[in-house]
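Letters A, B, ... mirror the listed sequences (proteins, then strands); counts begin at 1. Computed from heavy atoms alone, side chains included, the values below leave out hydrogens, waters and symmetry copies. Note that the coordinates shown come from a computational prediction; the quantities given were computed from them, not determined experimentally.
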Protein chains: 4
Amino acid sequence: MAKIEDKETAILKAAIAVFAERGFWNTPTSLISKTARVAEGTLFNYFATKDDLINAVYLEIKRELAKELMGSFHARETFRDKMRDNWNRYIEWGLRNPEKFNVLQQISTSFKLDADVKAQGMEPFAEIERLARESIAKGEIHDYPVEYLGALMDTQTAMTVRLMAMNPQADYQRIGFEILWNGVAK
Amino acid sequence: MAKIEDKETAILKAAIAVFAERGFWNTPTSLISKTARVAEGTLFNYFATKDDLINAVYLEIKRELAKELMGSFHARETFRDKMRDNWNRYIEWGLRNPEKFNVLQQISTSFKLDADVKAQGMEPFAEIERLARESIAKGEIHDYPVEYLGALMDTQTAMTVRLMAMNPQADYQRIGFEILWNGVAK
Amino acid sequence: MAKIEDKETAILKAAIAVFAERGFWNTPTSLISKTARVAEGTLFNYFATKDDLINAVYLEIKRELAKELMGSFHARETFRDKMRDNWNRYIEWGLRNPEKFNVLQQISTSFKLDADVKAQGMEPFAEIERLARESIAKGEIHDYPVEYLGALMDTQTAMTVRLMAMNPQADYQRIGFEILWNGVAK
Amino acid sequence: MAKIEDKETAILKAAIAVFAERGFWNTPTSLISKTARVAEGTLFNYFATKDDLINAVYLEIKRELAKELMGSFHARETFRDKMRDNWNRYIEWGLRNPEKFNVLQQISTSFKLDADVKAQGMEPFAEIERLARESIAKGEIHDYPVEYLGALMDTQTAMTVRLMAMNPQADYQRIGFEILWNGVAK
DNA sequence: CATGAATGAGGTTTCATTCAT
DNA sequence: TATGAATGAAACCTCATTCAT
């Protein structure tokens, strides 16, 4: 049969859309395949189980986000600027992709990911922690555990996206970073 | 343990225990009733639907947490001390009640609560936002939107609990508050 | 709800009927519940899995057969008479209960029974082997391994039932026993 | 092993192997084609349906067994020797080819073969029944219905193979024939 | 003839909910 | 009010078969 469109991609897209709307626990695989305009069985040709599909969705989104963020570290000079760039890109990506953002949050907090998938998803943050260590060495920011800084950055960004989505005209993006930076800077 | 226990309470307790272990989407009501040593049908005498039960669990935990935190605002003098007291009580409660903390997070992020239940659950934060407004008026902290401050306090506390649960000997509790306070103080 | 009729029995009976007609591998549980005039889910209240049901069917039939045969050993005097009585009862039961006989054969040859169920099903033959040992000691029959004699008795009886079912007017019942006895007698 | 092997043969061999291991009801055609290192669709170029394949497997094995047994009738002089030769060859073939033996039993007892295939599979026994008739005429053995004798020979041989496979050091092969012969001889 | 992606009916099992007792 | 057997829709997944390449 003609591979007119990539079915795997169609399934992933459909999964993100319906997961965002109904929550992934509440979404039958039949709805995903229907949304993807694909037979019910086809889904399982690409993803052996629903859990595998969820892992794949997570990884797909994380990879897209990582690509979005990766550039930020090299485009700026100071650690503060790198961090702010990262902050801004994350938030803007989240606002541009509310479904993906939403699904990522869902999966992160309510699903037991495969260990290797989880590890892959964490890579992007390795870089930010490395930069934080450098900055600590230079005496720019306080000597806090970098894993705490990474987690803080992550949760605060996510929270900011959520608030901005509900209240678009507020100035949370600038304020949030100001608070974050003042919190850690010497 | 009380020998004769209200069945409703028994069901709520059982629900929290099994939700914490398996996730509430993954938990059949039959397991809850079994854990509560109550007939399957009995559960539905107290909670018309599973969704109602989830709402009730949420409210139950939120109320307990609120009671824990409420006192903090009056025991201290300055806003900083009130805030720190609140921070500490939240974290210590979370560490003492990992199941309840866990279930609260689950429900908050992956369940569509009834509007009125959600509203009731937010009450405790009204107080903290009121205090923040006072403090802003006194010029102690920056003039940031109080709803942002409330949300920040909430997510950062929760994140800190999670990290401390995984790494108990770390000093996250003190550090976290330091960052938070430095972030907002003038 | 009124327990007007024993549903468990109804399900077992229905299973035997449809297994006989279509083979148990080819029989959906939905057809069993439909035949038993019971909801699809009800079947699983009584038998956790289809495999459990098959084990139960096997045991049910074996027990009935055992009851039928058990008496035979005491009603007669000589070993030959006991054996012939057993032979006759088995065959007549098989002809009277073609469905049960058929299903028993099916399960015995094409299903991996639970170890304990298998063991329970074998009990009746312990007795015949014990009697064979006695008879050997008395010098009535040849000193052949009793487990071989038991298996021979079993397969030859079953084969005879099958042939008689296809060709009812033949004299296989008498002939078969004659061959069997002459084969083992001194 | 032949490097280039007929795909049809490869499929038949693979089917026997996996049927023996998992039972043919439990074996998906996809596993057969995979085992045969052939595409899923290819199997259906040779066998229109799974049922057709099962029929073909049956016939293939029966033919091999027939070839093995056919010679026996001419290599010996007396009917007893022919019969014993047949008995021995069957048993030894069964022990040498446990998978084929197993699959043959499975299909014979749990599958509705096509009428013509069944007829073809029975041919070898026509010969033994013819010889039995001769022997009866000569007064060597009792005048029993030859179809009963054929069926007896078949089931008893099969049972003996099964027992020997489980208990290889026992003397069932010799004993079994002794019983069989004494049963029918005058 | 060979391939393997695609199909969708159908299989077993789960589970929230009902209701007669 | 408490019970738990009964229900049946729906979930996930399998697999024989088709067919465009």
Could you go through A:Gln105 and A:Arg162, starting from their C-alpha distance and side-chain angles, then the distance that decides it, and tell me whether this counts as side-chain contact (heavy atoms from CB on, under 4.5 Å)?
CA-CA 10 Å; A:Gln105 296 293 113; A:Arg162 245 174 293 137; 3.9 Å; yes
For A:Phe24 and F:dA11, what is the distance between atoms CZ and C1' respectively, to the nearest whole Å?
16 Å
Side chain to side chain contact (heavy atoms under 4.5 Å, CB included) against C:Lys112, all qualifying residues, sequence neighbours excluded:
none
For D:Phe47 and E:dC1, give me the distance from atom CZ to atom C1', rounded to whole Å.
15 Å
With the side chain of B:Lys7 defined as its heavy atoms from C-beta on, choose the nearest nucleotide among E:dA2, E:dA16, F:dA2.
F:dA2
Between A:Trp25 and B:Tyr46, just flag the one whose closest nucleotide in DNA chain F comes earlier from the 5' side.
B:Tyr46
Could you work out, with side chain to side chain contact (heavy atoms under 4.5 Å, CB included) as the rule, every residue matching D:Lys67, not counting sequence neighbours?
none
Taking only residues two or more places apart in sequence or in another chain, which ones pass side chain to side chain donor-acceptor pair (under 3.5 Å) with C:Lys100?
C:Glu64
Sequence neighbours excluded, which residues qualify as side chain to side chain donor-acceptor pair (under 3.5 Å) partners of C:Asn102?
C:Gln106
Restricting to side chain to side chain contact (heavy atoms under 4.5 Å, CB included), what partner residues turn up for B:Glu123, sequence neighbours left out?
B:Gln120
Roughly, in whole Å, what's the span from CD in D:Glu8 to C1' in E:dC1?
13 Å
For A:Asp114 and A:Lys118, what are the C-alpha separation, side-chain angles and deciding distance, and is it a side-chain contact (heavy atoms from CB on, under 4.5 Å)?
CA-CA 6 Å; A:Asp114 289 353; A:Lys118 190 170 199 168; over 6 Å; no
Assign each of A:Phe44 and C:Leu43 the nucleotide of DNA chain F bearing its closest heavy atom; nearer the 5' end lies the nucleotide of C:Leu43
Hey, what are the protein-to-nucleotides 8-10 of chain F N/O distances that come in under 3.5 Å?
residue : atom : partner : partner atom : Å
F:dG8   : N7   : C:Gly41 : N            : 3.1

Tell me, please, which residues at least two apart from B:Glu40 pass side chain to side chain donor-acceptor pair (under 3.5 Å).
none
In this structure, how many angstroms lie between the P atom of F:dC12 and the CG atom of A:Leu31, rounded?
10 Å
Hits for side chain to side chain contact (heavy atoms under 4.5 Å, CB included) against C:Arg37, two or more places apart or cross-chain, chain-then-number order -> none
Residue-phosphate contact under 4.0 Å: C:Thr29 side-chain N/O, E:dT12 OP1/OP2:
yes
Nearest whole angstrom, please: distance from the C1' of F:dA11 to the CG of A:Asp51.
13 Å
Base, sugar-phosphate, or nothing: which does D:Thr27 touch, judged by heavy atoms less than 4.0 Å apart?
sugar-phosphate
In this structure, how many angstroms lie between the P atom of E:dC15 and the NZ atom of B:Lys34, rounded?
12 Å
Please set out all donor-acceptor pairs under 3.5 angstrom arising from side-chain atoms of residues 16-32 of chain A, sequence neighbours excluded.
residue : atom : partner  : partner atom : Å
A:Arg22 : NE   : A:Asn26  : O            : 3.4
A:Arg22 : NH2  : A:Asn26  : O            : 2.6
A:Trp25 : NE1  : A:Ser110 : O            : 3.3
A:Thr27 : OG1  : A:Gly23  : O            : 2.7

Which residues pass the ring-ring contact (aromatic ring centres under 6.0 Å, His included) test with B:Tyr46, not counting sequence neighbours?
none
Is any side-chain heavy atom of B:Asn55 closer than 4.5 Å to one of B:Phe111?
yes
DNA chain F in dot-bracket, Watson-Crick or G-U pairs under 3.5 Å, [ ] crossing, | other strand?
.||||||||||||||||||||
Closest nucleotide of DNA chain E for C:Thr49 versus for D:Arg37: which of these residues is on the 5' side?
D:Arg37
Within residues 108-118 of chain C: residues closer than 4.0 Å to DNA chain E (heavy atoms)
none
Rounded to whole Å, the CG-P distance (D:Asn26 to F:dT14) equals 12 Å
